[in-house]
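Quick note on labels: first sequence line is chain A, next is B, and so on, each numbered from 1.
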Number of protein chains: 2
Amino acid sequence: MATGSGARSKTAERILDIAERLVQTRGFNGFSYADISAQLGITKASLHYHFATKDELGAMLITRYRDAFVDALRAIDGEGESSLHKLNAYVKLYEDVLRRDRMCLCGMLAAENRTLSREMQTLVHGFFDANERWLATVVDRGRANGELRFSGSAVDQARLLVVALEGAMLVARGCGEPARFTVAAARLLDQLTIASPPRAGRRSRAP
Amino acid sequence: MATGSGARSKTAERILDIAERLVQTRGFNGFSYADISAQLGITKASLHYHFATKDELGAMLITRYRDAFVDALRAIDGEGESSLHKLNAYVKLYEDVLRRDRMCLCGMLAAENRTLSREMQTLVHGFFDANERWLATVVDRGRANGELRFSGSAVDQARLLVVALEGAMLVARGCGEPARFTVAAARLLDQLTIASPPRAGRRSRAP
DNA sequence: GTCTATAACGAGATAGAC
DNA sequence: GTCTATCTCGTTATAGAC
């Protein structure tokens with residue numbers, strides 16, 4: 001179920017689909033209306049009928065992306081109460097983006113932050129806040145019920161998870177090695193998990 | 001002591017200084033020769049005398065940045081044998097970049113990866129590899145001598161550190177809240193440290 | 001809603017004088 | 001090394017016909 005954001009024409013939706021892919025692969029400053037025009041098969045002028053300015057298109061992209069993400073988090077909440085399951089499902093959201101050869105839309109826009117309109121900047125900030133709030137609740141409950149182990153505040157732990165996953169996507173793409181994401185994510189969750197099984201290479205402190 | 005990379009004119013060096021700041025704040029696709037021209041006070045045409053193409057300028061930027069980073073790592077190695085000190089000094093390198101209101105050059109370029117020349121892509125990859133190699137040695141020794149605690153391979157742990165710090169810079173800048181970096185970095189090192197002191201909010205597993 | 005046509009500007013890059 | 005002048009192309013955006 002889509003979250004608000006109202007009705008849009010099918011053409012507008014296809015424009016957003018194409019633009020989203022372009023931003024996630026090339027950045028907001030790395031594509032133009034001409035790229036969308038070529039892929040969609042309508043003229044640049046027609047694009048301006050649906051989204052008058054590129055900034056307006058950008059704002060819509062972030063809003064739609066955030067709404068879809070929030071929907072995905074709600075769906076995860078509906079899958080049960082296990083905090084560890086929720087965390088794994090959350091990581092899988094990122095993995096799905098990466099598997100499609102994309103960067104997180106808002107991670108990409110965070111890099112380009114200084115070149116964006118005020119509105120886009122605010123929306124990007126809001127995306128990260130929404131993620132952190134959800135994760136903070138998950139890890140807080142997980143610690144309370146003994147599933148997870150970490151020190152300090154739940155919000156800080158949630159923020160570490162967000163930044164580490166965003167960075168893992170960033171570097172994995174920058175190196176052309178998606179596996180770097182998987183390894184980093186697995187290790188992140190491992191550190192949060194209580195009674196994780198011993199792994200090859202593990203050593204105890206000096207005897 | 002500078003690492004190789006040879007002699008360059010003073011003007012070329014000033015061009016690189018200005019371009020570096022522009023890339024770190026706005027991205028490689030977010031600035032133009034006109035920006036450098038305005039800040040340096042020479043014409044765009046003159047810039048092309050020093051760096052024939054923007055791609056060439058970009059490649060020089062990464063090379064110089066990597067060399068400076070490698071030099072900084074060598075300097076840290078000269079400060080003693082403490083792994084924990086090395087890690088703190090490493091984090092401080094990132095903090096210094098962020099304090100100057102910049103993103104890591106190669107983190108920024110990692111986001112723009114798909115729009116870069118082959119050469120620039122390769123150089124970015126090389127930057128991350130160099131960082132990981134150094135960090136892997138540090139954490140491996142730290143674990144061997146009992147200073148640090150982590151499971152799995154040292155290389156994987158090094159990679160987690162790199163991606164988490166890059167992501168922390170990315171999101172901190174994307175939210176306009178540098179403190180997000182500091183908190184994430186502190187927590188990262190805390191998880192690696194043996195016998196870290198109890199902190200407010202810490203809880204042990206269910207009794 | 002989509003088109004043609006075009007405006008208005010900025011980009012990277014080059015030629016050739018000094 | 002730096003300049004003026006210019007080229008060519010791509011960019012966002014608009015006007016007005018269909």
*Can you tell me how far C1' of D:dT12 sits from CG of A:N29, to the nearest Å?*
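These atoms are roughly 13 Å apart.
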*A:I15 has an atom CD1; how far is it from atom P of C:dG1, in whole Å?*
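Spelled out: CD1 on A:I15 to P on C:dG1 is 10 Å.
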_Parallel, tilted or perpendicular: ring planes of B:W134 versus B:Y90, cut at 30 and 60 degrees_ =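 Rings of B:W134 and B:Y90: parallel, under 30°.
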*asked:* Parallel, tilted or perpendicular: which one describes the rings of B:F127 and B:Y65, with boundaries at 30° and 60°?
replied: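 Judged by the thresholds at 30° and 60°, the geometry between B:F127 and B:Y65 is tilted.
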*To the nearest 0.5 Å, tell me how far B:T25 OG1 sits from B:R102 CZ.*
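Reported value, rounded in 0.5 Å steps: 7.5 Å.
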Backbone N or O of [Y] within a donor-acceptor pair of the [X] side chain at under 3.5 Å?
| X | Y | value |
| --- | --- | --- |
| A:D140 | A:A136 | no |
| B:N88 | B:L84 | yes |
| B:Q24 | B:M103 | yes |

*Ignoring backbone atoms, test whether A:Y49 places a side-chain nitrogen or oxygen under 4.0 Å from the OP1 or OP2 oxygen of C:dT2.*
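The answer is no; no side-chain N or O of A:Y49 sits under 4.0 Å from OP1 or OP2.
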_Can you tell me if B:T43 touches the phosphate of D:dT2, counting only side-chain N or O atoms and a distance under 4.0 Å to OP1 or OP2?_
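Checking D:dT2 against B:T43, no side-chain N or O comes under 4.0 Å of OP1 or OP2.
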_Under 4.0 Å protein heavy-atom contact, by nucleotide of nucleotides 5-18 of chain C - B base, S sugar-phosphate only_ = B-----SBBBB---
